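We count ligands from 1, going down the list as the structure has it; atoms in each ligand are counted the same way. As the structure is a prediction and not an experimental result, all values here were calculated from the model.
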Amino acid sequence: MNFLKKELENIKNKGQYRELTYLKGSQNKYCSFEDKKVLLMASNNYLGLCDDERIKKVSKDAIDNYGVGSGGSRLTTGSYDVHKKLEEEIAILKNREAALLFNTGYMANIGVITSICNKEWIIFSDEFNHASIIDGCRLSGAKIVVYKHSDMKDLKQKVKLYKGAKRIIITDGVFSMDGDIVKLPEIIKISKDNDIWVMVDDAHATGILGEKGSGTEEYFGLKGQVDIQVGTLSKALASEGGYVAGSYELIEYLKNKARSFIYSTALSPIVVSAALKALYIIKKDNNLRKNLLNNSKWFQEELKERGFCILESETPIIPLLVGDEDKAMKFSKMLFEEGIFIPAIRPPSVPKDTSRLRITLMATHTKENLNFVLDKISYVFKKLK
Ligand SMILES: *Cc1c(COP(=O)(O)O)cnc(C)c1O
C-alpha cells in the first residue's frame with residue numbers, strides 16, 4: 001500500500017493529480033457543476049442531443065418495452081432486435097456491408113485491433129492517436145511503428161523501411177486534442193500503392209463531417225475506401241457504445257474473435273434505442289451540423305481577430321494555445337468563475353509548452369452565447385497578464 005501512497009504523492013508533486021467533478025441535471029449547454037451554473041464549452045455532445053425530448057421519449061418507451069439491463073452478453077441472451085436494427089443503420093450510414101456494436105469506442109478499438117493483429121503484423125500508428133488505439137496496438141503484440149502526426153513523408157519512409165505481408169495503418173479521423181482532420185486521400189494512396197490495410201477511428205467525425213454526417217470518408221469523397229471503420233455512439237450520437245463497420249467477413253470474424261465483444265454484457269436496449277433515434281435525427285436534419293460547423297468557423301475568425309493563437313480546424317474542436325501549464329490552468333479557473341467551462345489541457349495529454357484551452361462548440365450555442373464567451377476570454381486574458 002505504501003507504493004500507492006508514494007505514487008499519488010508523485011503525481012501531486014508533478015501537478016498532475018486529477019479529481020472528478022460532478023454535474024447536476026442533464027448535459028446541455030448550461031450545466032451545473034456542483035452548485036455553479038456555467039455555459040459549457042467542452043462537451044462531446046456536439047449536436048446537443050443528450051437532452052433531446054424526442055430521444056428521451058424513445059428511451060422511456062424502451063424501458064417500458066425492454067426493462068433496463070440487457071441480461072447477458074451478445075452471444076448468449078443479450079441481443080435484442082434494437083441491437084440488430086442499430087447495426088444495420090450504422091452499416092448504411094458508413095456504406096458498409098455490416099457493423100457490430102461494442103460497449104464503448106474504447107472496447108471497439110481494443111477488440112478489433114487485438115483480434116486481427118498479432119506479432120506477425122506491423123501497425124503504422126499516428127503519434128496523436130487516441131489512447132484506446134494505442135492500448136489496442138500494445139495488447140495485440142504487433143510491431144508498432146509510430147509516425148509523426150499527419151506527416152505523410154514520415155509515414156512513406158517508414159512504410160518503405162518496415163516491410164511485411166501483414167501491415168495496417170491506424171489513425172483517428174479527427175484528432176481529439178488538435179481538432180484537425182486526417183489526411184485521408186494520401187493515406188489511402190499509400191495503402192493502395194503498398195497493399196496495406198487502413199483503419200480509421202471516426203469518433204469525433206461521425207454525425208459531424210460529410211453531407212450526411214457519415215464521417216471523414218464522406219468528407220473527402222472517398223466512400224468505401226477504408227478497410228475498417230471504428231467509432232463511438234457517445235459523442236454526436238449522444239448515447240453510449242462503440243461500433244466497427246466493414247465487410248461481412250470482418251464483422252463475422254469479430255463476433256467470433258473479439259474478446260471485448262464476446263466477454264462483456266451487451267449494451268442496454270435503452271442506450272441502443274437512444275442512439276438509434278439520434279441516428280435518425282442526424283440523417284433527416286443536416287442543419288444541426290451545418291450550424292455547428294458555421295459557428296465554429298465564425299468563432300475561430302473572431303478569436304483570431306482578437307489576437308488569440310488558435311489551431312484552426314474544420315471541426316467543432318478549437319484549441320486556444322496558451323503554452324505555459326500554470327497559465328492555462330489559471331485561465332480555465334478564472335473563466336469558470338465568470339460562468340464558462342473550458343478545460344485546460346496539459347502534458348502528458350499534449351506536448352510540452354503547448355498547454356491550451358480546449359474549446360468545443362455545440363449546435364445549441366447561439367451567437368449570443370458565443371459573443372459572451374469571446375468577451376469573457378478577452379477580459380480574463382487581460383487580467384492574466
Ligand atoms: C472518445 C474516443 C474514443 C472512445 O470512445 P468511448 O465510446 O468514449 O469509449 C475512441 N477513439 C477516439 C478517437 C475518441 O475520440
Aromatic contact between Phe341 and Phe33, with the criterion being ring centroids under 6.0 Å apart: yes or no?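 Here the rings of Phe33 and Phe341 have centres that are less than 6.0 Å from each other.
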Please find out if less than 6.0 Å separates the ring center of Tyr80 from that of Tyr66.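 Yes: the rings meet the under 6.0 Å criterion.
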Assess whether a salt bridge exists between Lys84 and Glu88, defined as any Lys/Arg side-chain N lying under 4.0 Å from an Asp/Glu carboxylate O.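 Yes, this pair counts.
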Determine, for Arg167 against Asp195, whether the closest basic-nitrogen to carboxylate-oxygen distance falls under 4.0 angstrom.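 Looking at Asp195 together with Arg167, the answer is no, because their closest N to O distance does not fall below 4.0 Å.
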Look at atom 5 (O) of ligand 1 and say which protein heavy atom is nearest, naming residue and atom and giving the distance to 0.1 Å.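 Its nearest protein heavy-atom neighbour is Gly105 CA, 3.4 Å.
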What protein heavy atom sits nearest atom 3 (C) of ligand 1, and how far off is it?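 Protein heavy atom at minimum distance: His130 CE1, 3.5 Å.
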Numbered atoms of ligand 1 (with element) below 4.0 Å of [X], judged on heavy atoms:
X      : value
Asp201 : 10 (C), 11 (N), 12 (C), 13 (C)
Thr104 : 7 (O), 9 (O)
Thr232 : 5 (O), 6 (P), 7 (O)
Tyr106 : 4 (C), 5 (O), 6 (P), 9 (O)
Ser234 : 6 (P), 7 (O), 8 (O)
Ser132 : 10 (C), 11 (N)
Asp172 : 13 (C)
His204 : 15 (O)

Could you check Asp172 against His130 for side-chain hydrogen bond (donor to acceptor under 3.5 Å, both in side chains), going step by step and ending with a plain yes or no? CA-CA 7 Å; Asp172 280 17; His130 190 262; over 6 Å; no
Ligand 1 contacted by Lys235 (non-hydrogen, < 4.0 Å):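 True for this residue.
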Among Lys29, Lys235, Gln27, find the residue that satisfies the side chain to side chain donor-acceptor pair (under 3.5 Å) test when tested with Ser43.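 Only one of Lys29, Lys235, Gln27 forms a side chain to side chain donor-acceptor pair (under 3.5 Å) with Ser43, namely Gln27.
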Between Arg356 and Thr354: side-chain donor-acceptor atoms closer than 3.5 Å: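 Yes - a donor-acceptor pair under 3.5 Å links their side chains.
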Note, Val244 side chain near Phe261 side chain (heavy atom, < 4.5 Å):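 SC-SC contact between Val244 and Phe261 ruled out.
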